[in-house]
Structures are given as structure tokens and as C-alpha cells.
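In what follows, a single structure is set out as C-alpha cells and then discussed.
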Amino acid sequence: FAISYDPAIQTAIVPGKDGMLVINKNGISEYTSTKNPVWVKEMNISNPLIDSNNNRFIIAESGGKKIMSFQNRTMLWETELQNDIKKIVVNKDGYIGVIFSQVGYKSGFLFLDPTGKEIFRKLFANTTLIDADISPKGDLVAMIEADVSSAIINSAISFMSGNGQIVYSEIEDDVLMSG
């Protein structure tokens, strides 16, 4: 079977509980081996960001402020940030990382537990976060940062403990790392 969609509409496709999740401005649909969705959640989300693990997926709107957490087709929680969301990641245990914009800073990072409660928030004045990942137990966060404010590009990979303390950082001159 084939899932049809309009390429002019921003669409994300990721693994779901029993098939594939298709997320676009109309909402979320899960498809299995049939051409009709087995589950539909209508919502208005024009530019979806999504990350998933085995049975949980997190949805946000790029440039938006709302984050929604689902597990096995059930919404667990939703929260709204004061900042514009740039990227979201979720690990296998449901810990969530959010890269966001912040006035007066290049970027910021928010770390949430599986219930959506804030663990820590970190602001970056000199570098822009490009990517992040979370260890399986949520006790370590890896981040790729870049400083493109001068003629020489500098990037760094940093590791922070689950409470926001930097435990290791390595800076590379004239190199742009990517996730």
C-alpha cells in the first residue's frame, strides 16, 4: 500500500505503535498495512517537529511554543514554552531535550523528564546549538554547538550531566560539526 500526501504540505513520517505515523498541518494519522489510518488525532500544526522512541513520540511546531507527548496513541501531556522551538529529541526512557531560541542569547536547551517536568534549562550566549542527544538513562546530554560569528567557524561537542553540569567539552577550530 502507499500513503499519499501533498509534497507542498510540511509532513513528518516516523515509526508508530503498529505502523507509521504521518504528521502534518491536519494532525496525526497512523497507518498499518491498510490504506486507511487506524488512528487519527486532528490538530493544527503547520510545520511539525517530531521524535520518537519505541512507544512514545513528541510533537512540536518548528518556531512554535507547544510540545505534546504521546504514548501508544494517548496524549500524556502538553506544555507551552515562552520561546520558539527549533528541535526536539526523546530518548528510549522518555526524557526530552528541546533546543529553542532565546532573546539576548544565540540559543537555549531545555531538559524535561518523561512527565514533562523541567529538569534544567541552559542558555548559550556565544554559540548556537545545532543538535542534541540524550543517553538511554537520561543521565547525560550530548550537544553540538557552533560559533559562526567570525571568519573562522568554531564548533564544539559538549556533554552535560542530567542536572546541567558540563562534564566534557571539546572545541574544534575551522570545523562545523553536524548531528
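Computed over heavy atoms, backbone and side chain alike; hydrogens, waters and symmetry mates excluded.
Rounding to the nearest 0.5 angstrom, the gap separating the CG atom in Asn24 from the CG atom in Asn47 is 11.0 Å. Rounding to the nearest 0.5 Å gives a distance of 5.0 Å between OG of Ser158 and CD1 of Ile166. From Ser169, atom OG reaches atom CD1 of Ile157 across 9.0 Å, with rounding to the nearest 0.5 Å.
Taken together through direct or relayed side-chain contacts under 4.5 Å among Ile, Leu, Val, Met, Phe, Trp and Tyr, Ile144 and Tyr105 form parts of separate hydrophobic clusters. There is a path of hydrophobic side-chain contacts, each under 4.5 Å, that joins Met43 to Ile23. Clustering ILVMFWY residues whenever any of their side-chain heavy atoms sit less than 4.5 angstrom apart, transitively, puts Phe111 in a cluster other than the one holding Phe159. Taken together through direct or relayed side-chain contacts under 4.5 Å among Ile, Leu, Val, Met, Phe, Trp and Tyr, Leu49 and Ile67 form part of one hydrophobic cluster. The same ILVMFWY cluster, assembled from side-chain heavy atoms under 4.5 Å apart, contains both Leu21 and Met75.
Remark: Asn126 CG is loosely packed, at most 12 non-hydrogen atoms of other residues, nucleotides or ligands lying under 6.0 Å away. Annotation: Lys106, atom NZ; neighbour count of heavy atoms from other residues, nucleotides and ligands within 6.0 Å is above 12. By the 6.0 Å contact criterion, CZ on Phe124 is enclosed, its count of non-hydrogen atoms from other residues, nucleotides or ligands being greater than 12.
Checking Thr74 against Asn72 by side-chain atom types alone, no donor-acceptor pair falls below 3.5 Å.
Counting only heavy atoms from C-beta outward, the side chains of Ile130 and Met143 never approach each other to under 4.5 Å. With contacts defined as side-chain heavy-atom distances shorter than 4.5 Å, the pair Phe120/Leu110 does not qualify. Within the 4.5 Å cutoff, side-chain heavy atoms of Phe57 are placed close to those of Phe70. Residues Leu129 and Phe100 are not in side-chain contact: their nearest non-hydrogen atoms beyond the backbone lie 4.5 Å or more apart. A 4.5 Å side-chain heavy-atom check between Ile28 and Ile50 finds every atom pair outside the cut-off.
The minimum heavy-atom distance linking Val40 with Ser29 is given by the pair CG2-OG, 4.0 Å. Smallest separation of non-hydrogen atoms from Pro114 and Arg56: O-NH1, 2.9 Å. Here the closest non-hydrogen pair linking Leu112 and Gly116 is CD2-O, 3.6 Å. In this structure, Ile96 and Trp77 approach most closely via the heavy-atom pair CD1-CZ2, 3.3 Å. Smallest separation of non-hydrogen atoms from Thr115 and Asp113: OG1-OD1, 2.7 Å. Taking every heavy atom of both residues into account, Gly164 and Lys122 meet most closely at O-CD, 4.4 Å.
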- Message: Quick one, Asp147 with Glu145, criterion side-chain contact (heavy atoms from CB on, under 4.5 Å). Give me CA distance, side-chain angles, the key distance, then yes/no.
- Response: CA-CA 7 Å; Asp147 178 3; Glu145 309 164 49; over 6 Å; no
- How far apart are the C-alpha atoms of Ile119 and Tyr95, what are their side-chain angles, what is the distance that settles it, and do they pass the side-chain contact (heavy atoms from CB on, under 4.5 Å) test? CA-CA 10 Å; Ile119 297 172; Tyr95 287 89; 3.8 Å; yes
- Task: Test side-chain contact (heavy atoms from CB on, under 4.5 Å) on Val141 and Asp133 and set out the steps.
- Result: CA-CA 6 Å; Val141 178; Asp133 204 358; over 6 Å; no
- Task: Quick one: do Met160 and Gln165 satisfy side-chain contact (heavy atoms from CB on, under 4.5 Å)? Show the steps, please.
- Result: CA-CA 5 Å; Met160 291 195 306; Gln165 301 300 313; over 6 Å; no
- Task: Decide yes or no on salt bridge (Lys or Arg N to Asp or Glu O under 4.0 Å) for Lys66 and Glu61, but give the supporting numbers first.
- Result: CA-CA 7 Å; Lys66 189 184 297 186; Glu61 185 165 6; over 6 Å; no
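With sequence neighbours excluded, the residues that form a salt bridge (Lys or Arg N to Asp or Glu O under 4.0 Å) with Arg73 are Asp18, Glu30.
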Let me check something: any side-chain donor-acceptor pairs from residues 81-90 under 3.5 Å, sequence neighbours excluded? List them with distances.
unit_1	atom_1	unit_2	atom_2	d
Asn83	ND2	Ser101	O	3.4
Asn83	ND2	Gln102	OE1	2.6
Asp84	OD1	Lys65	NZ	2.6
Lys87	NZ	Asp131	OD1	2.9

